[in-house]
Amino acid sequence: MAAPTFTATPGTRDLLNPTTSRMRELVETFADEATKAGFGQIVPPMFEDLDVFVRLGESTDVVSKELYAFTDAGERRLALRPEFTASVCRAYVQHRPTTPWKAWYAGPAFRQEKAQRGRYRQFDQVGAEVIGSHDPDLDTELIALAWRFYARLGLSQVRLVINTLGDKADRPPFLDALTAHFTAAGDALSAESRATLEKNPLRVLDSKREQDAEIIATAPALADFLSDEAAAAFDRVQAGLRLLDVPFVVEPKLVRGLDYYTRTTFEFVSDALQSAQNAVGGGGRYDGLVADLGGPADPGVGFALGVDRTLLACDDEGVFGASDAELDAFVVDTTGEFAALRLVDTIRRAGLRADRAYDGRSMKAQMKAANRSGASVAVIVGPDEAAADELVVRPLRSDAEQRRVATSDLVPALRGLLD
RNA sequence: GUGGCCGUAGCUCAGGUGGUUAGAGCGUCAGGUUGUGGCCCUGAAGGUCGGGGGUUCGAGUCCCCUCGGUCACCCCA
C-alpha cells in the first residue's frame, strides 16, 4: 500500500458519503423524537475543566485512564468530554433553568481506549437528560423515547435491560455484603475481578469471565437492600413500561460503569451486532451528580445512545434500503462556453439538485459521468442547441425519449420529468 | 493498556519449499461510436510489495524491530 504521510490517528476515522448521510438522518430522527417530547437542544463545549469530568467517579476507567486531559496556555487543567452528562449538569448549575429541565444533544465525545469494532476514541452520541425531578415517570418516558427512536430507525433486534441501583444510602450496606461475599470466594474469583473488587465492588458483577459466573450468581442481590422509596419507584417504572408496551428484562447484574448512577439504570443491547461492543445505548438516574458539581441537590435522569454503534446495528440488520437519487439533473455541455455554469445555477436556484462535469471532457465522458451521478435527467447542450437557444433533456432512468426544449422552459420541463 | 490474526495497485485479492522486467478482477482514464450514458470490445495510467534493519549471490517470500489495521480482553456508547 502506498503509505500516505498522514492518516487519521488511531481510534479516529473519516466518515464519508453513505455513512454521513445516514448519520445526519439518524440525528434528525432523534432530534424530532426529542422535540416532540418537549426537549430543547443543548450544545455544550467539547472540553471543560478537568474536574467537571473527575466528578463522574475517580474509580471509573472513563476518568482514571481514558480522559484526554491537557493544560492550556492559561495553565487551566482541561479535558475533552468523555460523555455529555457531566457537561449538561454543569450547564444546569451555571444557568439554573426552570425545572424540570429537558435537554437533548448530539455530537462527539472522546475516550482514550484501544479501538475495535464499535469503539472509537472519537465517537458520536445522541442523548437526552432531564434535571430537577424525582418522578419515575420521567425514567419511563426517557426509556420510551429511546425505544421509539430505535423502532423508527427500523431496528427490531434491540433489547432493553433495566435495573435499579437504589439510593445512595442503600449502597454502603450492599457494598459491604458484596465485598464480604467476593472476599470469601478468595482465589476462586479471577485475578482481574479481585483487582476490580479493590476499586469498585459493584463492578465485579459486570465481569464476563466464566470463572466468575457462579460466584456472581450467588452474590447478594441489591433488591434486598433497597429503600421502600427506591423499590416503589422501580415498580412504577416497570409498570409504566408495560403500559407503553415497551418490552424489557430486569437484569440485577446491570451496574454500568459510571459511579453516579442511582435508582433506575438501563441499557439497550443489539443482538444483531456481531461484536463484543453490543450496547448501543444506556443511561439511568443520577440523583447526586448535580450536587457533586457544586449545584443544588437536584436529581437527574438521562441516557446516551452511541451513534456509531447504532449505525453498525442498522448495517447488521440491513435496514438501509436503496438510497434515493442524489441528483435531479446532470448538465452535459460541449459548447466550451459558459452553458454548464449558467444552467446548473439556474436549476439549483429553482430548488432542484444539479451537477455537471468539468475539465472540458468529451461528450461520451460527460454522459458516463451523468449516468454514474445517479441523476434522473441529463441536460445536454452543444453548439446546435446553443445556437437555437434550446436544450436536450434526456431521462436517464427510464426509457422515455429525450426531447428538445427552449432554454427558458428548462425548469418546468425538468419538474415535469421528475414527477 | 494486554493478547491473537493481518499489512501486495484507489478497492477486493493471487503470488507452493526465497530465483529473471510483481499479476487478476473491479474502479479510473482514453478509444471503438469526431453529438449521447448504462452492455460489450481494445488500450493506458496506477505498486520503492506498510516502514527500518538483518540473513543470502539473490527477499513480496525467512528473522528482528517498528508503525498501522483488525478481533478479543478490559471498559463502555
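Each chain gets a letter, A, B and so on, in the order the sequences are listed, and its residues count up from 1. Computed from heavy atoms alone, side chains included, the values below leave out hydrogens, waters and symmetry copies.
A donor N or O paired with an acceptor N or O is not found under 3.5 Å between the base of B:C71 and the side-chain atoms of A:Arg119. Side-chain atoms of A:Gln402 and base atoms of B:U36 include a donor and an acceptor less than 3.5 Å apart.
Nucleic acid contact class of A:Phe268 (heavy atoms, under 4.0 Å, all strands): none. Looking at heavy-atom distances under 4.0 Å, A:Arg309 makes contact with a base. As judged by a 4.0 angstrom heavy-atom cut-off over every strand, A:Asp124 is placed among residues making no nucleic acid contact. Across all strands shown, A:Pro10 has heavy atoms under 4.0 Å from sugar-phosphate atoms exclusively, and none from any base. Across all strands, A:Ala365 comes closer than 4.0 Å only to sugar-phosphate atoms, never to a base (heavy-atom distances). Across all strands, A:Gln122 comes closer than 4.0 Å to no nucleic acid atom at all (heavy-atom distances). Here A:Glu267 lies out of heavy-atom contact (under 4.0 Å) with every strand. Residue A:Gly127 is classed as having no contact, given no heavy-atom separation below 4.0 Å to the nucleic acid.
Taking atom CG of A:Leu142 as the reference point, atom C1' of B:A77 lies 16 Å away to the nearest angstrom. A straight line from CG of A:Leu273 to C1' of B:A77 spans 11 Å, rounded to a whole angstrom. Taking atom CD on A:Glu83 and atom P on B:C75, their separation rounds to 17 Å, with Å as the unit. When the P atom of B:U33 is taken as reference, atom CD of A:Gln366 falls 20 Å away, rounded to whole Å. The NZ-C1' distance, from A:Lys364 to B:U34, rounds to 12 Å in whole Å. A:Asn278 places its CG atom 14 Å from the P atom of B:C71, with the value rounded to the nearest Å. Rounding to whole angstrom units, CE of residue A:Met363 and P of B:A30 are separated by 14 Å. Atom CG of A:Asp14 and atom C1' of B:G10 are 15 Å apart (whole Å).
Going from the P atom of B:A24 to that of B:G15 covers 15 Å, rounded to whole Å. Spacing between B:G19 and B:G25 at atom P, rounded to whole Å, works out to 24 Å. Straight-line distance between the C1' atoms of B:U33 and B:U70: roughly 47 Å, to the nearest whole Å. Only the C1' atoms considered, B:G68 is 16 Å distant from B:C49, to the nearest whole Å. Separating the P atom of B:G51 from that of B:G10 is a span of 13 Å, rounded to the nearest Å. Nucleotides B:U21 and B:G1 place their C1' atoms 47 Å apart, quoted to the nearest Å. Comparing the same atom, C1', in B:C67 and in B:C13 gives a spacing of 23 Å after rounding to whole Å. The gap from the C1' atom of B:A9 to that of B:A22 amounts to 11 Å, rounded to the nearest Å.
Among B:G35, B:C75, B:G37, the nucleotide with an atom closest to any side-chain atom of A:Glu66 is B:C75. With distances taken from any side-chain atom of A:Glu113 to the nucleotides B:G38, B:G69, B:A77, the minimum falls on B:A77. Picking from B:G38, B:A72, B:G35 the nucleotide with the shortest atom distance to the side chain of A:Ala276 gives B:A72. Of the listed nucleotides (B:U36, B:A77, B:G38), B:G38 has the atom at the smallest distance from the side chain of A:Asn371. When distances run from any side-chain atom of A:Lys114 to the nucleotides B:G3, B:G69, B:G35, the shortest one goes to B:G3.
Between the side chains of A:Ser133 and A:Asp135, no donor-acceptor pair is found at a separation under 3.5 Å. With hydrogens and angles left out, the side-chain atoms of A:Gln122 and A:Thr12 include no donor and acceptor closer than 3.5 Å. Side chains of A:Arg77 and A:Thr71: a donor on one and an acceptor on the other come within 3.5 Å. Remark: the A:Glu317 side chain and the A:Ser156 side chain contain an N/O donor-acceptor pair separated by less than 3.5 Å. No hydrogens or angles considered: a donor-acceptor pair under 3.5 Å links the side chains of A:Thr407 and A:Asp389.
At least one side-chain heavy atom of A:Leu417 sits under 4.5 Å from a side-chain heavy atom of A:Val393.
Toward the 5' end of RNA chain B, the nearer of the two residues A:Met367 and A:Thr12, judged by each one's closest nucleotide, is A:Met367. Along RNA chain B, the nucleotide closest to A:Val307 and the one closest to A:Leu396 are compared, and the more 5′ of them pairs with A:Leu396.
Test A:Asp298, A:Asp139, A:Asp167 against A:Arg285 for salt bridge (Lys or Arg N to Asp or Glu O under 4.0 Å) and you get one pass: A:Asp139.
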Could you run down the sub-3.5 Å N/O contacts of the protein with nucleotides 25-28 of chain B?
| residue | atom | partner | partner atom | Å |
| --- | --- | --- | --- | --- |
| B:U28 | OP1 | A:Arg372 | NE | 3.3 |
| B:U28 | OP1 | A:Arg372 | NH1 | 2.9 |

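Classified by interplanar angle (parallel below 30°, tilted 30° to 60°, perpendicular above 60°), the ring pair A:Tyr105/A:Phe84 is parallel.
Remark: side-chain polar atoms of A:Thr264 are not paired, donor with acceptor, to backbone N or O of A:Thr164 under 3.5 angstrom.
A salt bridge links A:Arg119 with A:Glu113; the closest basic N to acidic carboxylate O contact falls under 4.0 Å.
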Open item on the list: Expected output check: what is the dot-bracket annotation of RNA chain B, where ( ) and [ ] are pairs inside the strand (brackets for crossing ones), | is paired with another strand, and pairs are Watson-Crick or G-U under 3.5 Å?
Closed with: (((((((..((((.....[...)))).(((((.......))))).....(((((..]....))))))))))))....
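Outside the 6.0 Å centre-distance limit, the rings of A:Tyr286 and A:Tyr261 are not counted as a close aromatic pair.
Note on A:Gln116: every side-chain N or O is 4.0 Å or more away from OP1 and OP2 of B:U70.
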Open item on the list: With salt bridge (charged side-chain N to carboxylate O under 4.0 Å, His left out) as the criterion, how do A:Asp328 and A:Arg353 come out once you've worked through the C-alpha distance, each side chain's angles and the decisive distance to 0.1 Å?
Closed with: CA-CA 5 Å; A:Asp328 296 312; A:Arg353 300 162 300 180; 3.0 Å; yes
